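This report refers to the structure that appears directly beneath it.
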Number of protein chains: 2
Amino acid sequence: MDRIDTAILKLLAADARAPVSQVAAAVGLSQSACTRRIQALEANRLLRGYGARLDHRRLGFRVTALVDITLGTQVEEDLAQFEAAVGKIDGVVECALVSGGQDYRLKILCRDLDDYERLHREHLGRLPGVVTINSSFVLREVPTRGEGDALFGGPR
Amino acid sequence: MDRIDTAILKLLAADARAPVSQVAAAVGLSQSACTRRIQALEANRLLRGYGARLDHRRLGFRVTALVDITLGTQVEEDLAQFEAAVGKIDGVVECALVSGGQDYRLKILCRDLDDYERLHREHLGRLPGVVTINSSFVLREVPTRGEGDALFGGPR
DNA sequence: TTTCCTTGGGAACGCCGATGCGCATGGGAA
DNA sequence: TTCCCATGCGCATCGGCGTTCCCAAGGAAA
């Protein structure tokens, strides 16, 4: 991991389908050297894959819910059971156990509020060990620096 | 947007660098037809781009902070000012205005707690209009269904 | 029925990415 | 200092992939 690797990751984070030749030119390497770097990054699992950026709203998913869930237990087995159940719910795109009270924070994508109500009733409410569920809805997404900038610094 | 388009988006969401020929075969189309579909999806902005999935931990960013910030104002101009300032902070990868009190929820990536303390002191604390800052730290990320499954349903 | 428009399939062309080889550089040991 | 090995790059090649033509088929409207 040197400056060149970080530059490659930054470029790929911004546009994963950019031609290797273009990335190579941007970082001052030949195509072959750049290809080998990328292969090494993938092998080392620093690069875990590539994904498409979808426009949820245009696809008809206009509701993003941020949900805080507290559990009535702290036993690891109960947490694992909860997590296994959460992992199977369609619409849950993120879930993390966080500090400050034993609770989870989820991000959920839904078509509309009715859809969320259904998901809340059929799935969230039936999760094992849940004590409280607190839902917030995203009113506006604020554009931020990309992941690449966050990790490796923005324009200097 | 029909069943084939959703299938294409789902596949690309899972692996954006999958060969078009492979995607085409999976959805039962020829390469050329599949390419045109993808181009149309990009033109319609349903597909906004492609990004690399980076492993933050392996890259040395072991702290993910989820930060709730409440503002002392609801005037749109103040919100805009706050948002503009937030958008320039390295490390902030997500920021959303949410319902339930006039507050923002951010996701921030840092190398360690010292790094977060610095960011908190130098940037978060100086954001305009801030009344309270509440930080939680991710202890464990729970594997969830991918974005594609969330939007288009998981395995039936 | 005729025409137009949409959408898919086939084939060719050009480009891109992967691999092997040779070479340069740098660090370690004798 | 000298030799050696490891690391990493560049060049060239080859196979494969993606893009883009063109044409055909099906459906809707006039």
Side-chain angles (χ1 to χ4, degrees), chain A residues 1-61 146-149 151-153 156, chain B residues 1-61 111 146-149 151-153 155-156:
Chain A
M1 279 297 301
D2 56 7
R3 186 169 302 274
I4 294 180
D5 282 319
T6 63
I8 291 174
L9 289 177
K10 195 169 168 180
L11 289 168
L12 288 180
D15 180 10
R17 299 205 95 171
V20 174
S21 55
Q22 181 178 324
V23 176
V27 302
L29 247 59
S30 68
Q31 291 189 22
S32 57
C34 192
T35 296
R36 279 190 284 265
R37 292 256 193 175
I38 294 174
Q39 289 172 340
L41 290 168
E42 291 172 349
N44 294 342
R45 291 279 165 185
L46 297 173
L47 243 175
R48 291 191 307 178
Y50 308 90
R53 279 191 281 266
L54 307 181
D55 192 316
H56 310 130
R57 296 189 66 87
R58 287 184 203 262
L59 288 169
F61 287 77
E147 197 180 22
D149 286 349
L151 298 179
F152 309 121
R156 297 303 183 183
Chain B
M1 278 300 298
D2 56 8
R3 186 170 303 271
I4 293 180
D5 283 319
T6 63
I8 291 174
L9 290 177
K10 195 169 169 180
L11 290 168
L12 288 180
D15 180 10
R17 300 204 90 169
V20 174
S21 55
Q22 181 178 324
V23 176
V27 303
L29 247 61
S30 68
Q31 290 190 22
S32 56
C34 191
T35 297
R36 278 193 296 267
R37 293 260 194 172
I38 294 174
Q39 290 172 341
L41 290 169
E42 291 172 349
N44 294 341
R45 290 280 164 185
L46 298 174
L47 243 176
R48 291 192 306 178
Y50 309 91
R53 278 191 281 265
L54 307 180
D55 192 316
H56 310 128
R57 296 189 67 86
R58 288 184 203 261
L59 288 168
F61 288 77
R111 298 192 164 277
E147 197 180 21
D149 285 349
L151 297 179
F152 308 121
R156 297 302 183 186

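Since the structure is predicted, the reported quantities are computational estimates derived from the model, not experimental observations. Every chain is numbered from 1, with letters handed out A, B, ... down the list of sequences.
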| said: Under the criterion side-chain contact (heavy atoms from CB on, under 4.5 Å), I'd like the reasoning laid out for B:Leu47 against B:Ile8: C-alpha separation, chi angles, the key distance, then a yes or no. | reply: CA-CA 11 Å; B:Leu47 243 176; B:Ile8 291 174; 5.9 Å; no
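- A distance of 9.0 Å separates CD1 in B:Ile38 from CG in B:Leu9, rounded to the nearest 0.5 Å.
- Note that the first and last nucleotides of DNA chain D, 5' to 3', having any atom under 4.0 angstrom from a heavy atom of chain A are D:dC9 to D:dC11.
- Summarising the geometry, the separation between CG on B:Leu29 and C1' on C:dT6 is reported as 14 Å, rounded to the nearest angstrom.
- Residues of residues 35-44 of chain B having a heavy atom closer than 4.0 Å to DNA chain D, listed by number: B:Thr35, B:Arg36, B:Gln39.
- Taking NZ of A:Lys10 as the reference point, atom CG of A:Asp149 lies at 5.0 Å (rounded to 0.5 Å).
- Between A:Phe152 and B:Leu54, the shortest heavy-atom distance links the atoms CE1-CD1, 4.3 Å.
- Applying the side chain to side chain contact (heavy atoms under 4.5 Å, CB included) criterion to B:Arg58, with sequence neighbours excluded, gives A:Arg45, A:Leu46, B:Asp55.
- Donor-acceptor pairing under 3.5 Å, judged by distance alone, is absent between the side chain of B:Ser30 and the base of C:dG8.
- The minimum heavy-atom distance linking A:Leu151 with B:Phe61 is given by the pair O-CZ, 2.8 Å.
- Heavy-atom distances under 4.0 Å link DNA chain D to no residue of residues 1-28 of chain A.
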For a quick test of your reading: what N or O donor-acceptor pairs under 3.5 Å do the side chains of residues 17-31 of chain A make, sequence neighbours left out?
| unit_1 | atom_1 | unit_2 | atom_2 | d |
| --- | --- | --- | --- | --- |
| A:Arg17 | NE | B:Ala16 | O | 3.2 |
| A:Ser30 | OG | A:Ser32 | OG | 3.2 |
| A:Ser30 | OG | A:Ala33 | N | 3.3 |

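- Legend: side chain to side chain donor-acceptor pair (under 3.5 Å) pairs involving residues 33-43 of chain A, not counting sequence neighbours, sorted by first then second residue: A:Asp2-A:Arg37, A:Asp5-A:Arg37, A:Glu42-A:Tyr50.
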